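Below, chain A is the first sequence line, B the second, and so on; all start at residue 1. Because the structure is a prediction, the values reported are computed rather than measured.
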Protein chains: 2
Amino acid sequence: MPKVTQQHMDARRKQILDAARRCFLRDGFHSTSMQDLFAEAQLSAGAVYRYFTSKDEMILAIAEENMRDVLDITVAVATNRQGRSMGEVMAELLDVIRVKAVEEDVAGLAVLVWGEAMRNRSLAHELDQLMGGIRANLVTLVREHQEDGGLPTNVTAEAIASTMLSVLPGYILQVALFDPAVVAEVPEAVRALWPAPAGER
Amino acid sequence: MPKVTQQHMDARRKQILDAARRCFLRDGFHSTSMQDLFAEAQLSAGAVYRYFTSKDEMILAIAEENMRDVLDITVAVATNRQGRSMGEVMAELLDVIRVKAVEEDVAGLAVLVWGEAMRNRSLAHELDQLMGGIRANLVTLVREHQEDGGLPTNVTAEAIASTMLSVLPGYILQVALFDPAVVAEVPEAVRALWPAPAGER
DNA sequence: CTCGTAAAAGGGAACGATCGTTTTATTGGC
DNA sequence: GCCAATAAAACGATCGTTCCCTTTTACGAG
């Protein structure tokens, strides 16, 4: 017989996760102490440990949430193609990521997750699946643009998609760590590098 | 009046740094304890602290060494251009990085450094300078290939170079964390995406 | 060449601090 | 008056680092 409503529990959980996000972004996963986190969440140890059994579980929850966000972004952008060139799709993807980086620090968290995946095999596996999912979305796009002449056909669609995919972490890294002005021109360049074929312009 | 030779001290320092590299790659910077490191180096605490005043100093030394390695690689590849297409230069760069990733774990260490830069502003600044240096090398290459028609001229050379630069972290991330087969085709695709202009083939 | 010596290098126990977590005590709604 | 929810103190473990003692080293004197 719960004493509080489900929505209250959900709100508490969100309150804790939001505080954890801020702490982790400020100090990194392992330099954030649980004491820091309690203070940030304005809760006691007992309260937090009622919702999460360990620090690792919180790290995992936040990492997975961030990976879901990134996948959702790419699916949304890749689905809405309607005759745009490959460069236009990629440029929009980068722009959306930049916005989400400013609003929710999606980029900074992603960089932290990469580092954590280096010493956490299951997290690395989840990251592998995330990137595999993004690549799958890109492959179908690439294939369409190979057929209409917008992309070379002497290599596989998978190879080109992997290259497009490789642009994302570099962009995310720079948005997370440096002045955004450094990569401000990249979407524009991406559009120029992979325009619509001459016949369709 | 030193009591041991300089080369002995250099050897000890290298012995410690090599052990630290292995530890950091295995457990990450902050989950590696100094005790782990003493055991890996087969030295006592007193011995290690004679060569490094703190753990952070060791992290910094290893991070800077790795950044120097990456810059050296790009300078070497970018200098040896001799009429190759932009795609060929980038493909060779990726291939060299893959080899160095297997031999010396350059890629894994780079991913760790990115994460550390998130909570260390001076390290982030050094990383910014590293990427700025790589971009500077790419800009001159891009400019040449814009002139011979191999790359579009409706965007700046800096913008295109930034895009090329963005491919590197994504490639490094995947080489460090996943099966290398995942990105095996990328160099080939890069060659196809940015070939020499038709007139020069 | 041999030995004595000063000083640096190395070993390892021990330090206080802080870690993540658990336990205990108290509160407050039903 | 019960019981979930929270707060706060306390836990043992382990952290990075320091201290002190022993060993090893280079080098000058005989």
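In this structure A:His30 satisfies the side-chain hydrogen bond (donor to acceptor under 3.5 Å, both in side chains) test together with A:Glu116, A:Arg119, sequence neighbours excluded. Looking at residues two or more places apart in sequence or on another chain, you find a side chain to side chain contact (heavy atoms under 4.5 Å, CB included) between A:Ser162 and A:Arg135, B:Val186. Evaluation of the side chain to side chain contact (heavy atoms under 4.5 Å, CB included) rule for A:Thr153 yields A:Gln146 as partners, not counting sequence neighbours. By the side chain to side chain contact (heavy atoms under 4.5 Å, CB included) test, B:Glu147 is found to be paired with B:Arg143, residues two or more places apart in sequence or in another chain being considered. A search for side chain to side chain contact (heavy atoms under 4.5 Å, CB included) contacts involving A:Asp95 returns A:Arg98, A:Pro187, A:Arg191, not counting sequence neighbours.
If you check residues 36-46 of chain A against DNA chain D, the residues with a heavy atom closer than 4.0 Å are A:Leu43, A:Ser44, A:Gly46, listed by number. Contacts between residues 20-32 of chain B and DNA chain D, defined by a heavy-atom separation under 4.0 Å, are made by B:Thr32. For residues 52-60 of chain B, proximity to DNA chain C is found at no residue, defined as any non-hydrogen atom under 4.0 angstrom from a strand atom.
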Less than 3.5 Å apart, which donor and acceptor atoms pair up between the side chains of residues 14-25 of chain A and the rest of the protein, not counting sequence neighbours?
unit_1	atom_1	unit_2	atom_2	d
A:Lys14	NZ	A:Asp18	OD2	2.9
A:Gln15	OE1	A:Arg12	NH1	2.8
A:Gln15	NE2	A:Ala41	O	2.9
A:Arg21	NH2	A:Glu104	O	2.2
A:Arg22	NE	A:Glu40	OE2	2.6
A:Arg22	NH2	A:Glu40	OE2	3.4

Result block: side-chain N/O donor-acceptor pairs under 3.5 angstrom for residues 69-80 of chain A, not counting sequence neighbours:
unit_1	atom_1	unit_2	atom_2	d
A:Thr74	OG1	A:Leu71	O	2.8
A:Thr79	OG1	A:Val75	O	2.6
A:Asn80	OD1	A:Gln82	NE2	3.0

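Using a 4.0 Å cut-off between charged side-chain N and carboxylate O, B:Glu92 and B:Arg84 make a salt bridge.
What separates CD of A:Gln15 from C1' of D:dT6 is a distance of 12 Å, to the nearest Å. Between the OH atom of A:Tyr49 and the P atom of D:dC11 there is a distance of 17 Å, rounded to whole Å. In this structure, A:Tyr51 atom OH and D:dA7 atom P are separated by 11 Å, rounded to whole Å.
Ranking C:dG10, C:dG20, D:dT6 by closeness to the B:Ala47 side chain, first place goes to C:dG10.
End-to-end axis angle of the helix from C:dC1-D:dG30 to C:dC30-D:dG1, from C1' rotation axes over five pairs per end: 0° (rounded to 10 degrees).
Residues in residues 146-194 of chain A take part in no ring-ring contact (aromatic ring centres under 6.0 Å, His included) pair, two or more places apart or across chains.
Screening B:Leu60, B:Thr53, B:Ile59 for a side-chain contact (heavy atoms from CB on, under 4.5 Å) involving B:Asp56 leaves a single residue, B:Ile59.
Nucleic acid contact class of A:Arg50 (heavy atoms, under 4.0 Å, all strands): base.
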